[in-house]
Amino acid sequence: MGHSIKRKEDARFIQGKGNYVDDIKLPGMLHMDIVRSPYAYAKIKSINAEEALKIPGVIAVVTGKDLEKYNLHWMPTLMSDTQMVLPTDTVMYQAQEVAAVIATDRYAARDGKEAVMVDYEPMKPVIDPFKALDEDAPVLRTDKEGKTDNHIWNWSVGDKDATDKLFNSADVTVKEQMHIPRIHVASIETCGCVADYNKVENHLTMYMTTQAPHAIRTVIALVAGHVGLTEEKVRVISPDIGGGFGGKVPVYPGYVIAIAVSFLVGKPVKWIEDRSENLQADSFARDYHITAEMAATKEGKIQGIRFKLLADHGYTDAAANPSKFPTGLFSICTGSYDYGTAYLEADAVYTNKPPGGVAYRCSFRVTEAVHAIERITDRLALEIGKDPAQLRFENFIKKEDFPWKSPTGWEYDSGDYHAGLEKAMNAIEYDALRKEQEEKRARGEMMGIGISTFTEIVGAGPSKDFDILGIKMFDSAEIRVHPTGKAIARFGTKSQGQGHETTYAQIIAEELGIPAEHIQIEEGDTDTAPYGLGTYASRSTPTAGAAAAVAARKLRDKARKIAAYLLEVSEEDLEWEPGKFFVKGAPEKTKTIQEIVFAAYTNHPQGMEAGFEATHYYDPPNLTFPSGAYICVVDIDKETCEIKVRRFVAIDDCGNIINPMIVQGQVHGGLTQGIAPAMYEELIYDEDGNILNGTLMDYLVPTAVESPSWETGHTITPSPHHPIGAKGVGESPTVGAPPAIANAIVDALSPYGITHMDIPITPYKVWKVLKEKGVVE
Amino acid sequence: MRTTIKKDFSVEEPIEKVWDYLANPTKIVTCVPGASITEEIDDRNFKGEVSMKFGPVKAKYSGEITIQELDVEAKNMVMKGRGLDSKGKGSADMIMNGNLKPTEKGTDVSFSMEVSIIGMLAQFGSRLINDVSDQLLNQFVTNFKAKLAGSDEVDNSINAGAMVGTIVKNKIGGLFGGKKEKEQEEQKPKEETSK
C-alpha cells in the first residue's frame with residue numbers, strides 16, 4: 001500500500017497486446033450492422049430488404065416484426081422502464097435501431113445496411129423537455145397502457161415546509177437556472193459484442209463491452225429465459241475494455257439483436273458500433289435542468305438550499321441508478337457546508353431523444369449536484385460581496401463534526417475540508433492572484449479565479465438502500481493461494497483502465513505479505529468470477545477492494561492457526577508482520593506465509609479444511625465521502641473571447657491511497673474529462689430532433705492540446721468504516737473540475753454584471769454575453 | 001435543421017413578363033438546381049425529384065411540389081415542396097416565396113427560401129446548410145434571369161464538388177475580405193460548436 005508500483009496490465013497495453021471484443025474472431029462468425037432512423041419520431045410504413053439481400057454476403061435482414069415472434073422485440077432498462085430492441089411500428093429518436101443486417105463479412109453488412117429501404121411517415125417530435133409536460137404535448141409512450149402524459153417520475157427529499165419557511169424569511173436568497181448539458185462518454189473503444197450460441201449445448205457465450213458482466217448475465221436470463229437461455233446457460237465475458245465511464249453499463253439493443261440472431265442461426269455474430277453510432281445512439285449522460293436556490297444570513301452563514309430538477313431522459317429511462325434513487329445520488333447537493341435545511345424535488349420526462357442518463361464518470365448524478373451547489377455558493381459570495389474562499393471556510397463542516405448527518409439523509413463518514421482548501425490556496429498562491437486580478441480589472445483585463453470544494457458520495461452501496469433490479473450492491477473477491485505461495489484473485493468488478501490488476505494485488509499483498517507481482521487478478525468472466533455488480537460510480541475500491549482486504553484477513557486468520565500448529569505454540573503467542581508470523585519474544589521462530597500456505601496443502605492440522613482459499617462478499621456499512629479542493633485561474637482575451645485555463649490546482653482527499661501513481665493518473669484523466677463539459681462538449685439537437693454534432697468532427701473532445709498542466713496533490717482523511725480506510729477517487733476530478741472552471745469564468749466576467757453562465761462556456765457564448773452587456777462590439 | 005435565406009434583385013423587364021415566368025411552374029422548377037418535374041398532377045400540383053450530394057452523403061428526395069399561392073394582383077407566388085429521401089435517410093421541406101414589385105425601370109424581384117432538412121444530411125451538413133442554401137438560391141436566380149432573357153438552356157444540375165469549392169472560397173473570402181455583405185437571414189443552429 002502506498003507504493004507507486006508500475007501497472008501490471010500496461011505490459012500488454014503498451015505493446016498492443018490487449019484483447020478487446022473486436023479482437024475476437026470465431027470460426028464461422030457472422031457480422032451485423034444496424035439500419036438506424038433518420039427521424040426523431042416516425043411511423044414505419046414498411047421495410048424493404050429486397051435490394052439488401054441481393055448483395056453477395058448478406059444473409060438476413062432482421063426487423064422488429066421478426067423479433068416479435070419470439071417476444072424479443074423489447075427489453076427492460078436498468079431502471080425497470082422498457083425499451084424497444086427493434087421497433088415494430090414507431091421510431092422514437094434519431095439513430096434508433098430499425099433493422100439489423102447480417103452478413104458474412106463487415107463490408108457486406110455495411111453495404112446491406114445502405115440498401116435497406118425504409119418507408120417512414122414522420123411525425124412532429126417532442127424535443128424540449130419543458131414542452132414535453134405541456135397539456136397539448138403528444139403522449140410519446142403510447143406503448144405503456146394508460147399513459148396520459150410524458151412524465152416519468154417525481155422524487156423528493158428533505159423538509160419542504162421548513163425549507164419554504166426559511167426562504168420566506170432569510171436575509172439573503174440567491175437563485176439561478178442552470179442546465180447541465182447532455183454529453184457523451186465518448187470512450188475510445190465503442191460498444192460491441194460477439195454473441196456465440198451453441199445449439200447443441202444450448203449455451204450462450206457473450207463476449208461484450210460491459211462494465212457489469214454479472215448484472216448483464218442476469219438481465220439476459222430475464223429477457224431470454226423464456227426461450228431457454230436460463231442463467232446457467234449464459235456466460236458473459238468482458239475482455240479488455242477501452243474506457244467505459246458508465247457508458248458500458250446499460251444493455252443496448254445491438255447486444256440483444258446479436259444474441260437473438262446467434263440463437264436463431266446457431267453461429268457467432270459480431271456487432272461493433274462505429275464512432276457516430278456510439279455518439280448518437282448510446283446512452284448520454286447529464287441533461288439536467290436545475291433551479292438552484294440558496295438562503296443565508298447577511299453575514300454569509302449558509303442556512304439552506306432548495307433545488308428543483310427536470311431530467312430529460314429521452315425516449316426511455318435508461319439510466320443506471322440504484323432502484324431507490326431515480327435521481328441517483330443528486331441528494332449530495334448539500335455539499336461540504338454545515339446547515340440543516342434542504343429540499344430537493346425532481347421530475348423526469350420523456351422526449352424524442354436517445355435514451356439514457358448514465359453516470360458518466362460519476363456516482364449517479366453527483367456531477368450535476370456538485371455543479372449546482374458549487375455554482376450557487378459562488379453566486380451567494382457574489383451577492384454578499386464576500387470572497388468565495390472565505391465564504392467556504394466560514395461554512396465548511398468542521399472535521400470534528402464527522403460523522404455528519406446531511407439534511408437530505410446521508411451520513412458523511414469523514415473529511416477535513418479546511419485543510420484541503422488551505423493546501424490548494426497555498427499551492428496556487430491565492431492572495432497574490434486576487435491582487436493581480438484587482439490590478440488587471442483596473443486595466444479592463446479579464447481574469448478569473450474559481451473554486452470548487454466538493455464532497456462526493458461513492459462506493460454504492462449498503463444493501464439496506466442500494467440495489468439494481470433488486471440485486472444488492474455488494475461486491476466480491478475470491479482469493480486462491482497456490483501451494484507454492486502464489487495467488488490468483490477474482491472479482492465481481494471489471495476494470496476499464498482503472499488498474500485493478502495492480503491495485504487489488506497491492507491490497508492483498510498488504511494484508512497477506514505475498515508480493516503483488518505474484519498475485520494474478522482476474523475479472524470479467526462470469527463463469528469464474530464471484531458475483532458482483534461491476535465497476536462504475538467509484539465503487540471498486542470501496543466495495544471489491546474492501547472484499548479483497550476482508551478475504552485476505554480470513555486467510556491470515558487461517559494462516560495463524562497453521563503457523564501455531566507448525567511452531568507448536570498457541571495462536572495468541574504469535575505476532576504478524578507482513579509476510580510472516582513469529583513467536584512473541586522469540587523472533588527467530590518464524591513461519592513465512594509461503595511456508596504456511598505450503599503446509600495448508602501438505603501438512604495441515606487435523607480437523608482443519610485443507611487448501612488456502614477465501615471468498616468474501618462485502619456489504620459496505622456506509623458509503624464513502626471523498627472530497628476535494630480545486631482552484632482554477634482563467635484569462636479571457638477581450639478581442640477573441642478565447643478562454644485560457646492558466647492554472648488548475650486539484651487537491652483530492654480519497655482517504656488512504658493504494659497506489660499514488662494510479663491515483664494521479666486517474667486525477668489527470670478525470671480533470672481532462674472535467675474541462676470537457678465545462679468548455680467544449682454538448683450534444684446539440686435541433687427542434688426536429690436532428691443531432692447537429694453527431695461526429696467527433698463536431699463534438700469536441702478535449703485533447704492534450706486543450707488540457708492545461710494539471711497540478712495535483714492530496715490530503716488524507718481515511719474512511720473510518722472501510723477496511724483499509726480508502727474512499728475511491730476515479731470520479732472526483734470529473735465531478736469537481738467543471739464548477740471550478742465555470743466559477744473562474746463567471747468570476748472573470750462578474751464586473752460586467754454576469755452572475756451565471758451555462759456550461760459548456762465557449763468563446764462564442766462569452767462574446768455573446770459581453771455584447772449583450774455592451775462590453776464588446 | 002432550418003434556414004431561411006433571401007435574395008432581392010431588379011430586372012429591366014416589365015412586371016407582366018416576369019410574372020409569366022414566376023407563375024409558370026414548369027419554368028420555375030427547372031430553375032431550381034437538382035430539381036425536375038416528373039409528373040403533372042394538375043396545374044398546381046406536381047410530382048418531382050431533387051438530388052443533393054454532400055461529401056459522403058447523397059440524397060435524392062422525391063415528393064410533391066404544390067403551388068400554394070398564385071396572387072396575380074399582389075404578384076405573389078408561394079411554392080411548397082416536400083420530399084422524402086428515396087432510401088429512407090431523411091426528408092426535406094422547402095417553401096419558396098417570390099414577390100414582384102413594379103419599378104420605373106422594370107421589376108424588383110424578391111425571393112425567399114425556407115429550407116428544413118431532417119436526417120443524415122442534417123447531421124453532416126449542419127455547419128454548411130446556410131451556405132449551401134445560399135448557393136442554391138444564387139444558382140436559381142442566375143437561371144431565372146437567364147430564362148427571362150430568353151435562354152432555353154440553363155444549368156440546373158447540382159455539382160456538389162464545385163459547390164463546396166465555391167462555398168469554401170466564399171467563406172475564406174469572407175474571412176479575409178472584411179465585412180461581407182450578407183443578404184441572407186441566418187437562423188443559426190442553437191449554439192456554435194466549433195472552437
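Numbers restart at 1 for each chain; the letters A, B, ... are given by sequence-line order, proteins then strands. As a basis for the values below, the full set of heavy atoms in this structure was taken, side chains included, without hydrogen atoms, waters or symmetry mates.
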Which one of A:Asn690, A:Asp688, A:Asp686 satisfies the side-chain hydrogen bond (donor to acceptor under 3.5 Å, both in side chains) criterion with B:Arg2?
A:Asp688
Which region of A:Glu681, side chain (C-beta onward) or backbone (N, CA, C, O), has a non-hydrogen atom less than 4.5 Å from a non-hydrogen atom of chain B, or is it both or neither?
neither
Who among A:Met117, A:Glu114, A:Gln94 has the most heavy-atom pairs with chain B under 4.5 Å?
A:Gln94
With the threshold set at 4.0 Å, does a side-chain nitrogen-carboxylate oxygen contact exist between A:Glu777 and A:Lys771?
no
Output the residues of residues 38-47 of chain A for which the shortest heavy-atom distance to chain B is under 4.5 Å, in residue-number order; output 'none' if no such residue exists.
A:Pro38, A:Tyr39
Treating A:Lys765 as the side-chain partner and A:Pro760 as the backbone partner, does any N or O pair qualify as donor plus acceptor under 3.5 Å?
yes
In plain terms, say whether A:Asp635 and A:Arg646 are close enough for a salt bridge, that is, a side-chain N and a carboxylate O under 4.0 Å apart.
yes
Can a donor-acceptor pair be found, under 3.5 Å and without considering hydrogens, that links the side chain of B:Lys6 to the backbone of B:Phe111?
no
Heavy-atom cut-off 4.5 Å, strictly under: side chain, backbone, both or neither for A:Val35 against chain B?
neither
Give a yes or no on whether the ring-centroid distance for A:Phe130 and A:His289 is below 6.0 angstrom.
yes
Between B:Glu64 and B:Arg82, does at least one N-O distance fall below 4.0 Å, as a salt bridge requires?
no
